[in-house]
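Computation of the quantities below employed the complete heavy-atom set of this structure, encompassing side-chain atoms and omitting hydrogens, waters and symmetry-equivalent molecules. Here is the naming used below: chain letters follow the sequence lines, and residue numbers restart at 1 for every chain.
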Amino acid sequence: MPAAVPEKPSLDGLEQRWAARWEEAGTYRFDRGAERSEVFSIDTPPPTVSGSLHVGHVFSYTHTDTVARFWRMRGKAVYYPMGWDDNGLPTERRVQNSYGVHCDPSLPYEAGFTPPGPDAKHPVPVSRANFVELCHRRTEEDEGAFEQLFRHLGLSVDWSTIYTTIGEKARRISQLSFLRLLDQGHAEQRWAPTLWDVDFQTAVAQAELEDRETAGAYHRLRFDDIEIETTRPELLAACVALVAHPDDARYAGRFGSSVRTPLFGVEVPVLAHELAEPDKGSGIAMICTFGDVTDVIWWRELKLPVRSMVGRDGRVPADPPDGVAADGPFAELAGKTLKQARARVIEMLAESGEMVGEPRPITHPVKYFEKGDRPLEIVTSRQWFINVLDRIKVLKARGSELRWHPAYMEARYQNWADNLNADWLISRQRFFGVPIPLWYPVGEDGEPDYRQPLRPRDEALPIDPSTDVPDGYSPDQRDQPGGFSAEPDVMDTWATSSLTPQIACGWSVDDDLFARTFPMDLRPQAHDIIRTWLFSTVIRSELQHQSLPWSDAAISGWVLDPDRKKMSKSKGNVVTPLPLLEQYGSDAVRYWASSGRPGTDTAFDEDQMRNGRKLATKILNASKFVLGLPAADGAAGAPAPIDLALLARLAGVVDEATVAFEGYDYARALERTESFFWDFCNDYLELVKNRAYGGGADGAAALHSLHRSLSVLLRLFAPFLPFVTEEVWSWWQEGSVHRAAWPTSGEVDAGAGAGPLVLETAAGVLGHVRRAKSEAKVSQRAAVERVVVRDSPERLAALRLAESDLRAAGSITALVLEEAGDPSVAVTLAPPA
RNA sequence: GGGCGCUUAGCUCAGCUGGCUAGAGCACCUCCCUUACAAGGAGGGGGUCGGGGGUUCGAGUCCCUCAGCGCCCACCA
């Protein structure tokens with residue numbers, strides 16, 4: 001039984017009350033029996049739980065929720081899981097800081113280990129297993145906080161379908177997918193120069209790079225009679241050649257000859273390559289192995305030797321590169337950081353007279369790991385890659401096949417695909433991640449044979465090769481001659497995140513669910529991770545299923561602070577969301593979020609939240625009024641023309657909102673609905689309230705139209721304001737509004753002859769009457785002696801159909817209608833009593 | 001250097017396939033404690049729709065161009 005209309009309706013406490021009832025009733029539970037065609041599945045972005053909760057989460061997750069609620073009301077079985085991204089570097093760092101530990105994989109597991117805590121002066125080294133255990137403990141707490149926030153916000157997530165990116169299911173799927181790629185030749189290891197972060201001591205992928213304008217200086221160095229300019233004089237000992245453009249007349253005669261490097265006196269060839277730019281520096285560059293990615297290209301294409309002098313720790317190694325004397329100038333560099341080495345090289349060059357002039361300061365773009373603080377170096381190492389360069393064409397085609405909202409976001413995808421120049425490096429020399437599930441046989445010489453990886457059986461997954469043992473070996477053979485060694489690397493977090501559709505839909509672990517939910521319908525995400533998360537997810541789905549992972553991608557913008565700056569922890573302008581939800585109410589905050597159009601960055605705006613609260617209150621009060629009107633005792637008469645006009649307009653709004661939602665434009669759907677609602681309250685409600693009070697057949701007709709409108713309005717608002725609409729729905733309807741059918745224009749269509757003019761003209765005259773009273777500084781209740789309306793015959797005819805409602809609403813004694821070409825409304829107030 | 005987006009009232013933004021005197025919220029001003037709503041309601045002032053050119057009977061809306069802002073990307077000499 002529906003509850004009665006409360007005497008004094010309130011927004012307070014709706015969140016707790018309804019969140020509990022929805023949970024209890026399973027309102028948002030996914031129907032496991034639904035066929036794929038009846039399902040709408042959403043690849044919810046798993047938030048990084050080691051990051052702080054901020055208002056951006058509320059913003060974008062609300063967008064997705066409105067769409068989920070819309071499709072649920074449209075009768076779809078909505079598969080709306082939640083994931084927590086607790087994998088990878090951010091968690092490692094958080095664990096190190098909050099527990100005072102650091103990972104040392106060489107240590108054995110220590111049962112019952114108690115970490116020192118955040119105040120520890122020196123981090124305690126712990127085994128990988130202990131470290132991972134702490135990561136799990138930490139993330140569980142963080143995940144609880146996120147769930148609490150999202151429940152309070154009213155996300156219609158099915159909370160029984162949670163996954164984590166470090167959980168067993170995700171590890172299994174991630175490892176199995178990797179092994180499949182390995183089987184199919186899409187994944188392979190290479191010993192290759194890769195971009196390397198000397199602080200994190202790991203390789204990084206192209207997608208994780210960013211350029212930063214960095215201060216540097218040109219140093220002009222003399223190689224015999226040729227002068228080159230370089231920003232990296234410290235790499236001089238790693239120089240393997242000079243290079244100029246083949247058409248550059250200045251050096252044409254020198255190609256094929258050789259020169260000696262300054263300080264070290266190593267003989268290097270002078271070569272030609274088209275990437276050399278004649279107008280950069282002196283037009284001729286030194287190639288070092290490796291100073292930048294161009295060096296890598298030159299080294300590869302010109303088939304040059306390697307002279308490496310950058311260690312994984314960012315220091316110059318003790319041993320000199322090939323051809324460089326150990327006891328010469330190099331001895332002064334060994335063991336130094338690159339920065340120290342640079343200073344010393346410059347001094348030595350100045351002393352030897354091989355530097356021309358003074359260094360010339362410049363700023364130039366330098367590549368950094370997006371989470372790193374020092375420029376990336378290039379280090380040759382063994383790494384695992386997923387091949388993508390051989391598939392750019394099909395990946396671009398998939399990008400076009402995907403429906404983007406807004407459409408222009410596709411350009412970022414295509415742009416990225418066009419500029420990709422490296423395969424996807426997925427191995428990371430880190431600890432908290434999904435291990436690459438391989439071992440290598442160790443030869444009698446004690447060296448692992450990387451060409452013959454040992455793989456686990458599928459059923460054994462997930463595994464950790466550092467503790468698990470390959471079939472046919474015993475634990476004591478680990479790292480022994482004739483035994484086996486674990487692959488030490490873990491996969492990058494994107495290598496697992498790129499599988500969220502497979503993880504959420506249960507690929508390889510729940511084939512039935514997978515068949516009902518994949519390919520998914522919607523990937524909602526922010527625009528800054530198109531090149532990473534979206535692109536990599538498309539890659540995995542293409543390689544594994546030869547299909548798109550979803551049909552639609554809805555790209556949300558960012559929340560900007562009032563000064564139009566992106567909110568981020570480092571800027572210290574992050575707003576914590578829970579207090580906002582408590583202050584304004586979840587519906588109000590959702591209202592603000594819903595006003596941010598797809599793809600558009602939106603300013604944090606508490607005024608909009610106040611406005612949202614006002615709207616929610618208005619819905620409460622208007623509903624109370626409509627539902628509190630005396631019930632008709634007899635049969636309803638025919639609807640008045642003004643009722644039909646209202647319903648006709650509402651039908652139009654329903655159609656607009658529906659089309660908008662189908663195109664993921666939730667903001668438009670809200671705007672249309674809200675705009676109608678205020679007119680409904682201000683004009684229609686005022687015009688018909690007297691008739692509705694009056695009872696009888698005419699009153700019953702008004703009541704009927706009011707109820708119908710209210711029912712439709714509550715359903716139109718339900719995706720945005722789930723709490724207040726559910727509250728009002730419960731006063732007079734059975735079941736949840738969130739399980740009610742999305743309205744259709746057919747259900748409200750008043751049929752032919754329901755022109756909008758009746759309402760429009762009546763509301764127009766009522767507006768004039770209000771203005772007259774306002775200007776006369778009298779109460780809106782004041783009586784009006786006479787209103788003269790001059791207008792076209794058509795409009796007057798329409799107005800006449802609403803005459804009694806209008807006169808009652810405006811307290812108008814005489815309403816005079818006169819035909820005229822020049823429309824006007826004259827209001828004569830009654831003299832004060 | 002390439003690409004994308006934005007530029008409409010003081011502020012934040014709507015204006016979809018071009019069409020009646022350009023809209024909303026906030027802010028500001030005036031009035032009203034009207035039996036749905038005073039943590040309300042009614043009304044008002046305020047914009048040559050970034051500049052210039054073009055297409056059209058008609059352009060905030062389409063085309064060209066210039067400018068400013070923002071974002072994405074780019075092989076660090």
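Side-chain proximity of A:Arg668 to B:rC16, B:rC75, B:rC4: nearest is B:rC16. Which of B:rA14, B:rC76, B:rC4 sits closest to the side chain of A:Ala411 comes down to B:rC4. Side chain of A:Thr600, nearest nucleotide from B:rG5, B:rA14, B:rA36: B:rA14.
Residue A:Tyr693 places at least one side-chain N or O under 4.0 Å from the OP1 or OP2 atom of B:rA36.
Distance noted for atom C1' between B:rG25 and B:rU21: 23 Å (whole Å). Straight-line distance between the P atoms of B:rC31 and B:rU12: roughly 30 Å, to the nearest whole Å. Using atom C1' as the reference point in both B:rG60 and B:rU8, the two lie 7 Å apart (nearest Å).
Between the CD atom of A:Glu674 and the P atom of B:rG15 there is a distance of 14 Å, rounded to whole Å. Between the CZ atom of A:Arg531 and the P atom of B:rC4 there is a distance of 19 Å, given to the nearest Å. B:rA36 atom C1' lies 11 Å from atom CZ of A:Phe680, rounded to whole Å. The nearest whole Å value for the distance from the CZ atom in A:Arg232 to the C1' atom in B:rC76 is 8 Å. The nearest whole Å value for the distance from the CH2 atom in A:Trp592 to the P atom in B:rC13 is 12 Å. Between A:Glu208 atom CD and B:rC73 atom P the separation is 13 Å, expressed in whole Å.
Ring centers of A:Trp592 and A:Tyr584: at least 6.0 Å apart, outside the cut-off. Aromatic ring centroids of A:Tyr666 and A:Phe720 lie 6.0 Å or more apart. A:Trp404 has its ring centre less than 6.0 Å from the ring centre of A:Tyr413.
Within 3.5 Å, a donor on the side chain of A:Glu686 pairs with an acceptor on the base of B:rA36, or the reverse. Between the side chain of A:Lys367 and the base of B:rC76, no donor-acceptor pair under 3.5 Å is found.
Within the nucleic acid shown, A:Thr230 comes within 4.0 Å of sugar-phosphate atoms alone, with no base atom in reach, counting heavy atoms only.
Annotation for A:Glu794: atom CD does not count as buried by contact number, only 12 or fewer foreign heavy atoms lying within 6.0 Å.
The residue among A:Lys8 and A:Glu213 whose nearest nucleotide of RNA chain B lies closer to the 5′ end is A:Lys8. Between A:Ile228 and A:Trp678, the one whose closest nucleotide on RNA chain B sits nearer the 5' end is A:Trp678.
Partner assigned to B:rA9 is none, using Watson-Crick or G-U wobble distances below 3.5 angstrom.
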